[in-house]
Structure formats: C-alpha cells, structure tokens
Amino acid sequence: MFALEAGLLGHGLLPAIDREIIIARVTARTGCAYEWGAHAATLAQQAGLSQEQLQATTDVDAAANTAWLPRHAALLNAVDERTAWAGHRSRLHPGRDVW
C-alpha cells in the first residue's frame with residue numbers, strides 16, 4: 001500500500017492542489033485527523049491551499065463560506081458524494097449522518 005500511495009503522491013497525474021484538496025476532504029470526512037494534520041502542516045500549503053481553504057475542508061459544507069474555483073468545488077462535491085455513498089458517518093460532527 002505504501003508504494004501505491006507514494007506513487008500517487010509523487011507521480012500522479014493530478015495537479016498538487018487538486019490532490020491536496022481531495023486528501024484534506026477525505027481525511028476530514030473519515031476522521032483521519034493524523035493524516036489530515038500531516039498534509040495540513042506542509043503539503044497543502046506547498047500545493048497552494050490557503051489556510052481558509054484548508055480549514056474549510058473540515059466544515060460540513062466545505063464550499064459554503066470559502067471561495068473555490070469551480071473545478072475545486074466539483075472535487076469537494078465528488079468526495080462528499082463518494083464518502084456518503086460508502087456509508088461513512090460524519091466524523092466532522094459526531095452523531096450526525098453524512099449529509
């Protein structure tokens with residue numbers, strides 16, 4: 001698994017900012033605080049995410065109060081749809097089903 005992850009991070013076809021938006025949103029929605037923090041500490045900012053955008057990935061509606069390019073808003077929506085389809089409960093707001 002490590003080889004796959006390293007390959008995606010280092011040699012993937014996604015632009016770095018797209019990759020970090022996806023990682024931040026998935027890890028926020030699935031309760032992977034360690035992984036979210038690891039990317040938030042350096043990789044997300046290096047990729048071009050602002051602090052406001054990074055923090056917004058932990059909000060119930062990540063696009064509600066933060067400016068995103070249409071492509072980035074679509075990525076956030078795709079992650080939300082996928083994690084909801086997979087049956088994840090919201091770890092952003094415990095006790096509440098994924099919206």
Starting at CG of L13, measure out to CG of D18 and round the result to the nearest 0.5 Å.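 Rounded to the nearest 0.5 Å, the CG-CG separation comes out at 11.5 Å.
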Inter-residue atom distance R19.CZ - L49.CG, 0.5 Å rounding: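 That separation rounds to 10.0 Å.
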In the structure I gave you, are the side-chain heavy atoms of [X] and [Y] within less than 4.5 Å of one another anywhere?
X	Y	answer
I22	L14	yes
T66	Q55	no
D80	R25	yes
W36	T57	yes
V79	L75	no
W68	I21	yes

Donor-acceptor contact present, side-chain Q53 to main-chain S50, <3.5 Å: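 Checking the backbone N and O of S50 against the side chain of Q53, a donor-acceptor pair under 3.5 Å is found.
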D61 side-chain N/O to A63 backbone N/O, donor-acceptor pair under 3.5 Å: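 Yes: the side chain of D61 pairs with the backbone of A63.
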What's the shortest heavy-atom distance between A47 and E20, and which atoms?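 Here A47 and E20 meet closest at CB-CG, 3.7 Å.
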According to a 4.5 Å side-chain heavy-atom criterion applied to Ile, Leu, Val, Met, Phe, Trp and Tyr, with indirect links allowed, do L54 and L43 form part of one hydrophobic cluster?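 L54 does not cluster with L43.
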Before giving the answer on side-chain contact (heavy atoms from CB on, under 4.5 Å), spell out for H39 and T27 the whole-Å C-alpha distance, their side-chain angles and the decisive distance to 0.1 Å. CA-CA 10 Å; H39 282 264; T27 56; 5.9 Å; no
